[in-house]
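Chain letters run A, B, ... following the sequence lines, proteins first and then strands; every chain starts at 1. Predicted, not measured: the structure shown is a model, and the values here were computed from it.
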Amino acid sequence: MVSSVKGTFDLFYPDIKKYLLMEECARKIFSLYGFSEIRTPILEHTELFSRSVGDETDIVKKEMYTFLDKKGRSLTLRPENTAPVIRAIIEHKLYESPRHSRLYYIGPQFRYERPQKGRYRQFHQIGIEIINDPFPLIDFEGILIAKELLNSLGILEVEVKINSVGCKKCRQNFISILKDYLNKFKGDLCSDCNERIERNTLRVLDCKVASCQKVIENSPVIIDYICDECKEHFSKVTQFLNDFEIPFKITPRLVRGLDYYTKTVFEMTSFKLGSQDAIVGGGRYDGLISSLGGPDIPSFGWALGMERLSLLMEDSPLNDNLLYLAWMGEECLKFAMECASYLRSKGVEVVLEGSLRSLKNSLKRAERFQANYSLIIGEDEVKSELLTLKNMRNGEQIALKLNEIPNFILNGE
RNA sequence: GUGAGUAUAGCUCAGAUGGCAGAGCGUCGGACUGUGGAUCCGAAUGUCACGGGUUCGAUCCCCGUUACUCACCCCA
């Protein structure tokens with residue numbers, strides 16, 4: 001037997017319903033904020049990610065599905081969707097188009113990691129990108145949208161963690177200060193962190209090793225060192241959050257694993273998940289467009305993990321309005337087919353099965369289908385043109401003419 | 001990439017000192033010829049993950065591989 005690839009999975013009823021619900025809610029909310037969808041290819045040139053996400057990040061160093069195609073080009077299954085969206089924006093010169101400044105995407109992403117709870121090799125993200133607006137309002141609205149999306153799906157218990165990682169100029173300044181500090185405690189830091197001091201200094205702040213934690217506790221805090229502009233930006237974002245009563249926690253050690261972030265970074269986490277507790281993550285990336293060859297235009301975005309969200313969602317109620325058509329005898333089949341066709345044209349969901357069954361068996365099938373109704377069509381019904389509609393939830397039966405059924409099922413009349 | 005645990009029916013899981021492979025649930029059929037869910041009766045379903053070793057004999061012990069689960073790293 002050939003099985004699915006490690007870290008991938010098949011999605012079907014009932015879990016698929018959660019995904020459809022997520023997508024539906026997301027599309028609804030995004031359009032309320034003036035967003036439109038963008039779909040980019042799953043395959044990109046490897047260079048796109050090494051240049052944007054960063055050569056020194058784990059994602060690029062060890063987590064990408066990269067291969068050579070038949071002409072020897074290095075291609076990569078996208079590990080995230082921000083770089084592809086920005087690539088598309090630049091390629092089509094859409095960065096000045098207001099209509100294309102608010103984009104959302106829904107789709108699969110790929111990272112070659114060891115699977116565990118809430119983490120897969122093919123996973124799915126819903127995300128947004130807001131192009132060409134440098135103002136703190138955008139950071140706030142971005143977070144607000146994510147929060148509204150979660151709320152609309154019944155997820156209320158999330159913690160919003162927020163921080164600023166400064167801009168190109170002031171971050172460098174902080175990094176050298178942090179480097180000086182960390183170098184004093186080299187002996188206390190784990191081997192990973194000793195390497196990070198030079199290659200990816202900020203990430204030391206994120207280390208969970210106990211001995212490193214001690215050093216980090218007393219380390220310089222980035223918000224104290226960022227430039228006035230960045231400080232101003234950050235305080236406006238937090239001010240908006242306060243004004244609109246969105247609880248948040250300033251987390252000085254929150255630095256994210258992608259190099260392109262500037263100023264605001266944020267994460268939404270849930271204690272109900274395992275150790276992979278981030279549902280939404282994102283921030284501002286003012287330098288990304290220019291670093292990919294576009295003009296110097298700022299952006300903001302986040303991504304939400306659908307698998308993690310689905311872990312938090314209750315099993316969705318069975319709100320199907322499915323009708324199972326129980327027909328008896330070959331001489332009823334043609335009539336049953338005509339009924340099915342009519343009902344579907346009126347918007348009723350109808351299952352009609354090919355095998356001739358006893359009524360008892362048909363009702364059993366209806367139950368297994370989790371149908372709300374059974375419509376019984378036998379000799380009597382064909383003659384009288386009064387069909388027997390049975391409510392499978394409470395067992396009640398009523399005789400109706402065919403043209404009365406859609407209204408009865410869809411509107412309860 | 002690292003560590004630990006697990007792998008037996010569609011699902012959940014038992015099993016023996018190493019000697020014919022088990023249960024519950026589910027599925028299908030019947031009791032009940034036009035009325036499902038309850039009850040009773042019956043039936044089908046297994047390369048005991050894969051490959052090697054030890055043994056008269058291995059699903060069980062040993063080695064290896066793969067997959068799954070959780071954790072580390074990192075991230076959604």
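- Side-chain contact, A/E367 with A/Y324: no donor N or O sits under 3.5 Å from an acceptor N or O.
- Summary of the strand contacts: A/G281 and A/K62 both lie near RNA chain B, and taking for each the nucleotide with the nearest heavy atom, the more 5' one is attributed to A/K62.
- Within the 4.0 angstrom heavy-atom criterion, no nucleotide atom of any strand lies near A/A366.
- Between A/N361 and B/G29 there is a side-chain N or O to OP1 or OP2 distance below 4.0 Å.
- Below the 3.5 angstrom threshold, one finds no donor paired with an acceptor across the side chain of A/Q397 and the base of B/G34.
- Nucleic acid contact for A/E381: base, since at least one base atom lies under 4.0 Å from a heavy atom of the residue.
- With a cut-off of 3.5 Å on both pairing distances, B/U59 has no Watson-Crick or G-U wobble partner at all.
- Looking at heavy-atom distances under 4.0 Å, A/S358 makes contact with sugar-phosphate atoms alone, never a base.
- One interatomic measurement links the two molecules: NZ of A/K364 to C1' of B/U39, which rounds to 12 Å at whole-angstrom precision.
- When both distances must be under 3.5 Å, the Watson-Crick or G-U wobble mate of B/G22 is B/C13.
- Within 4.0 Å (heavy atoms only), A/E80 reaches no atom of the nucleic acid at all.
- For A/E113 against B/C73, a side-chain-to-base donor-acceptor contact under 3.5 Å is absent.
- In this structure, B/U66 forms a base pair with B/A7, meeting either the Watson-Crick or the G-U wobble geometry with both donor-acceptor distances under 3.5 Å.
- The nucleotide whose nearest atom lies closest to any side-chain atom of A/Y112 is, among B/C73, B/G37, B/G1, B/G1.
- Looking at the side chain of A/K390, the nearest of the listed nucleotides B/C74, B/G36, B/G1 is B/G36.
- Among the protein residues, A/I376 comes within range of the nucleic acid bases, having at least one heavy atom under 4.0 Å from a base atom.
- When each of A/L359 and A/G282 is assigned the nucleotide of RNA chain B with its nearest heavy atom, A/L359 is the one assigned upstream, toward the 5' end.
- Shown here are the side-chain contact (heavy atoms from CB on, under 4.5 Å) partners of A/S299, two or more places apart in sequence or in another chain: A/I86, A/I131, A/Y285, A/I289.
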Are any protein N/O atoms closer than 3.5 Å to N/O atoms in nucleotides 66-69 of chain B? If there are, list each pair with its distance.
unit_1, atom_1, unit_2, atom_2, d
B/C68, OP1, A/G7, N, 3.4
B/C68, OP2, A/K6, NZ, 3.2

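- Between A/R357 and A/E353 there is a salt bridge, since a side-chain N of the basic residue sits under 4.0 Å from a carboxylate O of the acidic one.
- Closest approach of A/R308 to A/L273, counting heavy atoms only: O-CD2, 3.7 Å.
- Under the 3.5 Å distance criterion, with hydrogens and angles disregarded, no donor-acceptor pair is assigned to the side chains of A/Q109 and A/H124.
- Summarising the base pairing, B/C28 is matched to B/G42 through a Watson-Crick or G-U wobble pair whose two defining distances lie under 3.5 Å.
- No more than 12 heavy atoms of other residues, nucleotides or ligands shown are found within 6.0 angstrom of NZ on A/K236.
- At the heavy-atom level, A/R111 lies under 4.0 Å from base atoms of the strands shown.
- No engagement by A/E267 is indicated, since no non-hydrogen atom pair under 4.0 Å with the nucleic acid exists.
- Within 4.0 Å of A/R368, counting heavy atoms only, lie sugar-phosphate atoms of the nucleic acid but no base atom.
- For A/F240 and A/F244, the ring centers are positioned 6.0 Å apart or more.
- Rounding to the nearest 0.5 angstrom, the gap separating the CZ atom in A/F185 from the OG atom in A/S219 is 9.5 Å.
- Among the heavy atoms of the strands lying under 4.0 Å from A/G118 is at least one base atom, whether or not backbone atoms are also near.
- Pairing partner, B/G34: none, since no Watson-Crick or wobble contact has both distances short of 3.5 Å.
- Nucleic acid contact class of A/G395 (heavy atoms, under 4.0 Å, all strands): base.
- Taking a pair to require two hydrogen-bonding distances under 3.5 Å in either a Watson-Crick or a G-U wobble arrangement, B/U2 pairs with B/A71.
- Look at CZ on A/R119: it is 11 Å from P on B/C70, rounded to the nearest Å.
- Salt bridge annotation for A/E157-A/K272: present, with a cationic side-chain nitrogen under 4.0 angstrom from a carboxylate oxygen.
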